[in-house]
Undergrad: 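One structure follows; several queries about it will come next.
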Amino acid sequence: MAQVQPPKESSGLSSCDAYFENVKSRKKLPQPLQETLTTAFARIPVSCFPQVPTGKVIEIQADTTVADAVKILSDCNILSAPVINPDAASSLNWRERYLGIIDYSAIILWVLESAELAAVALSASTATAVGLGAGAVGALGALAVGVTGPAAVAGLTVAAVGAAVAGGVAADQASGGDAPAAADNLGKEFYKVILQEEPIKSTAVKSIVKSYRWAPFIPVATDSSMLSVLLLLSKYRLRNVPVIEVGKPEIKNYITQSAIVGGLEGCKGRDWFDCITARPISDMGLPFMSPNEVISVQSDDLILEAFKRMRDNQVGGLAVVEGPGKQIVGNVSIRDIRHLLLKPELFSNFRQLTVKDFITTVVSTGQEVGRPTSPVTCKVDSTLGSVIQSLATKKVHRIYVVVDENEVIGVVTLRDVISCFIYEPPNFFDNYFGFSVKEMLNK
């Protein structure tokens with residue numbers, strides 16, 4: 001996902017169009033070469049793409065708790081999974097069988113909103129001021145403390161509020177009195193309310209999969225072209241594309257941005273690939289942003305602030321920087337939320353936990369074997385091939401472009417790399433995706 005802050009008036013398909021127009025205007029590849037590549041991808045059926053490593057797509061039942069879903073994602077080392085509707089598990093219609101996709105972006109949206117509401121309630125004076133008590137339940141209670149998002153509609157957190165107040169659990173009073181300020185002052189009680197109190201503890205995946213999604217569930221058929229998949233994963237901002245076989249219930253394959261970039265890395269040695277990837281990334285217009293558009297977080301900021309920034313800007317990761325010159329010292333990604341949820345005992349000082357201390361704890365305790373100890377970076381004159389190799393071999397989703405003393409001036413993401421190899425033929429979207437997909441993407 002490209003880490004450019006979208007214009008406020010731009011949303012849905014308009015932002016996708018703007019991104020791809022920017023890519024098109026910056027690439028220096030000869031047009032005939034781009035057309036040849038696009039035509040080739042259009043002729044390759046999706047069925048030719050390699051299967052997921054395990055040979056079977058991991059799926060999660062809709063009644064699975066969010067906590068258990070996080071454990072499944074973490075244990076299987078995946079970022080997302082399709083969610084099965086237990087009431088239609090035998091249906092041959094994918095629209096009935098699957099409710100959507102659960103991923104770390106949905107989980108982080110839910111956790112942050114839950115934390116903000118719970119934090120307000122945990123401040124005894126704030127709870128008293130808004131008239132909350134043990135019996136405060138439903139959307140009305142949520143509105144009383146200023147929460148109007150999906151959690152308020154679903155009523156997911158208000159019972160936990162009542163339980164927390166009735167049980168005498170209290171956190172320091174937030175100086176601002178609003179939900180974000182209270183959350184910033186929330187200490188270890190964060191875990192008690194979010195993970196141990198009802199109904200949060202037993203919140204099912206089906207309760208959040210639609211309200212908190214970042215992208216819709218859009219499958220393609222096995223006889224679709226790889227070009228359609230590449231466009232969905234680049235221009236249209238999807239991180240994964242399920243593959244179905246018409247008339248059969250199970251998802252046959254699950255193609256991610258990482259899998260595509262790994263597949264590109266496997267093309268090394270082929271003339272067309274070597275010709276393109278020998279060029280510096282600047283020839284591709286990379287990075288597709290200006291330095292002031294790079295979204296980052298200071299190493300001494302609270303980790304909760306980092307996750308909020310990802311949520312607010314809809315990005316999957318942030319550069320961790322120090323000093324006014326934005327010297328990069330690390331990276332924090334949206335999937336890191338699992339460490340807070342699965343190993344809360346490691347982060348008992350949550351209220352004081354900085355981004356730097358969080359990363360140090362994750363690495364030093366072996367919670368993420370193989371995680372690069374230093375941020376993955378490149379220069380503006382690095383070749384596209386070297387960037388693809390780093391993304392594929394180090395299993396990261398973004399590379400930071402630096403100058404001088406590791407000052408961050410841009411980010412190259414999986415989405416950006418895929419976009420370098422294709423363009424969208426005229427009327428392709430209308431001919432191959434249709435109105436229903438357009439409506440889903442535009443929400």
Undergrad: Keeping Y400 on the side-chain end and A319 on the backbone end, is there a donor-acceptor pair under 3.5 Å?
TA: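 It does hold such a pair.
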Undergrad: Could you check whether any side-chain N or O of Y236 sits under 3.5 Å from a backbone N or O of V229, counting only pairs where one atom can act as donor and the other as acceptor?
TA: no
Undergrad: Is a donor on one side and an acceptor on the other found under 3.5 Å between the side chain of E305 and the backbone of L302?
TA: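 The answer is no, because no donor-acceptor pair under 3.5 Å joins these two groups.
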Undergrad: Looking at K326, I want to see if its NZ is surrounded by more than 12 non-hydrogen atoms of other residues, nucleotides or ligands under 6.0 Å.
TA: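 Enclosed: over 12 neighbouring heavy atoms sit under 6.0 Å from NZ of K326.
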Undergrad: For K379, look at atom NZ and say whether over 12 heavy atoms of other residues, nucleotides or ligands are found less than 6.0 Å away.
TA: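 For K379, atom NZ is crowded (more than 12 foreign heavy atoms under 6.0 Å).
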Undergrad: Can you see which heavy atom on L342 is nearest to which on A67, and at what distance?
TA: CD2-O, 4.4 Å
Undergrad: Does some side-chain heavy atom of L318 sit less than 4.5 Å from a side-chain heavy atom of R309?
TA: yes
Undergrad: Kindly indicate, with the supporting measurements, whether the criterion side-chain contact (heavy atoms from CB on, under 4.5 Å) is fulfilled by V294 and V321.
TA: CA-CA 11 Å; V294 177; V321 300; over 6 Å; no
Undergrad: Does the side chain of I60 reach to within under 4.5 Å of the side chain of I84, using non-hydrogen atoms?
TA: no
Undergrad: Any heavy-atom pair between the side chains of T256 and N240 that's under 4.5 Å?
TA: yes
Undergrad: To the closest 0.5 Å, what do you measure between CG (L384) and SG (C378)?
TA: 10.0 Å
Undergrad: Which one of S14, S419, S234 satisfies the side chain to side chain donor-acceptor pair (under 3.5 Å) criterion with Y19?
TA: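 One option only clears the test, and that one is S419.
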Undergrad: If every non-hydrogen atom of I399 is compared with every non-hydrogen atom of T377, which pair is closest and at what distance?
TA: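 Shortest heavy-atom separation between I399 and T377 comes out as CG2-C, 3.7 Å.
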Undergrad: Quick check against the 3.5 Å criterion: does D68 have a side-chain atom that pairs as donor or acceptor with the backbone of T65?
TA: no
Undergrad: Check K28 against S282 and note the closest heavy-atom contact, atom names and distance.
TA: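 Reported closest heavy-atom pair: CE-O, 4.3 Å.
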Undergrad: Of all heavy-atom pairs between I334 and V315, which one has the smallest distance, and what is that distance?
TA: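 Heavy atoms of I334 and V315 come nearest at CD1-O, 4.3 Å.
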Undergrad: For the residue pair S225 and F428, establish whether any side-chain heavy-atom pair is separated by less than 4.5 Å.
TA: yes
Undergrad: Does the side chain of R95 pick up a donor-acceptor pair with the side chain of N85 at under 3.5 Å?
TA: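 There is no such pair (donor and acceptor under 3.5 Å, judged by atom type) between the side chains of R95 and N85.
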Undergrad: Can you list the steps and then say if F421 with F41 is a ring-ring contact (aromatic ring centres under 6.0 Å, His included)?
TA: CA-CA 10 Å; F421 288 87; F41 285 126; 7.3 Å; no
Undergrad: Which atom pair, heavy atoms only, marks the closest approach of A392 to E265?
TA: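 Taking A392 first and E265 second, the nearest heavy atoms are CB-CB, 3.9 Å.
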Undergrad: Any salt bridge linking K235 with D17? Criterion: basic side-chain nitrogen under 4.0 Å from a carboxylate oxygen.
TA: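 Yes, charged N to carboxylate O under 4.0 Å.
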Undergrad: Could you give the distance from SG (C420) to CZ (R415), rounded to the nearest 0.5 Å?
TA: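 If we round to the nearest 0.5 Å, C420:SG and R415:CZ are 12.0 Å apart.
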Undergrad: More than 12 heavy atoms of other residues, nucleotides or ligands under 6.0 Å from CG of D271: yes or no?
TA: no
Undergrad: So, R398 side chain and V412 main chain: donor-acceptor pair closer than 3.5 Å or not?
TA: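 Judged by distance alone, no pair lies under 3.5 Å.
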Undergrad: Tell me if a side-chain donor or acceptor on D357 pairs with a main-chain N or O of L353 at a distance below 3.5 Å.
TA: no
Undergrad: Working to the nearest 0.5 Å, report the span between CE of M310 and CZ of R335.
TA: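 The distance works out to 12.5 Å.
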Undergrad: Going by distance alone, is a donor N or O of one side chain under 3.5 Å from an acceptor N or O of the other, for E59 and Y254?
TA: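 Side chains of E59 and Y254: no pair found under 3.5 Å.
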Undergrad: Has the side chain of Y98 got a donor or acceptor atom that lies under 3.5 Å from a matching backbone atom of I251?
TA: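 Side chain of Y98 to backbone of I251: a pair is present.
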Undergrad: Less than 4.5 Å apart, side chain to side chain, heavy atoms only: is that true for L99 and F217?
TA: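 No, every pair of side-chain atoms sits at 4.5 Å or beyond.
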Undergrad: Once rounded to the nearest 0.5 Å, what's the spacing between atom CG of L37 and atom CD1 of I276?
TA: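 Going from the CG atom of L37 to the CD1 atom of I276 covers 4.5 Å.
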Undergrad: Evaluate the criterion side-chain contact (heavy atoms from CB on, under 4.5 Å) for residue pair Q389 and K268; output intermediate values, then yes/no.
TA: CA-CA 10 Å; Q389 183 179 35; K268 186 184 298 183; 3.5 Å; yes
Undergrad: Can you name the nearest heavy-atom pair linking L109 to R311, along with the distance?
TA: CD2-CG, 3.0 Å
Undergrad: Taking atom CD1 of I107 and atom OG of S105, what is their separation to the nearest 0.5 Å?
TA: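 The CD1 atom of I107 sits 8.5 Å away from the OG atom of S105.
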Undergrad: Please confirm whether the backbone N or O of V329 pairs with a side-chain atom of K356, one donor and one acceptor, at under 3.5 Å?
TA: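 No, the answer is negative, given that no donor and acceptor are paired below the 3.5 Å cut-off.
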Undergrad: Look only at the side chain of Q327 and the backbone of N406, and say whether a donor-acceptor pair between them is shorter than 3.5 Å.
TA: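 Checking the backbone N and O of N406 against the side chain of Q327, no donor-acceptor pair under 3.5 Å is found.
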Undergrad: Verify, without hydrogens or angle tests, whether T38 (side chain) and E35 (backbone) share a donor-acceptor contact under 3.5 angstrom.
TA: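 No, because the side chain of T38 does not come within donor-acceptor range (under 3.5 Å) of the backbone of E35.
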Undergrad: Under a 3.5 Å threshold, yes or no: a donor from one side chain and an acceptor from the other, between T413 and D416?
TA: yes
Undergrad: Hey, are the side chains of S296 and V408 touching, using non-hydrogen atoms and a 4.5 Å cut-off?
TA: no
Undergrad: Report the C-alpha separation of K395 and S258 in whole Å, then their side-chain angles, then the decisive distance to 0.1 Å, and conclude whether the side-chain contact (heavy atoms from CB on, under 4.5 Å) test is met.
TA: CA-CA 8 Å; K395 300 186 185 304; S258 293; over 6 Å; no
Undergrad: Should we count CD of E405 as having more than 12 external heavy atoms under 6.0 Å?
TA: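 Atom CD in E405 is not packed in, count stays at 12 or less.
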Undergrad: Below 4.5 Å, heavy atoms only, C-beta onward: do F20 and I422 meet side chain to side chain?
TA: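 Side-chain contact under 4.5 Å: yes.
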Undergrad: Run L286 and V401 through side-chain contact (heavy atoms from CB on, under 4.5 Å) and show every step you take.
TA: CA-CA 9 Å; L286 294 168; V401 185; over 6 Å; no
Undergrad: Could you state the interatomic distance from OG1 (T277) to CD1 (I388), rounded to the nearest 0.5 Å?
TA: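 One finds 6.0 Å between OG1 of T277 and CD1 of I388.
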Undergrad: Any side-chain heavy atom of M226 within less than 4.5 Å of one from V46?
TA: yes
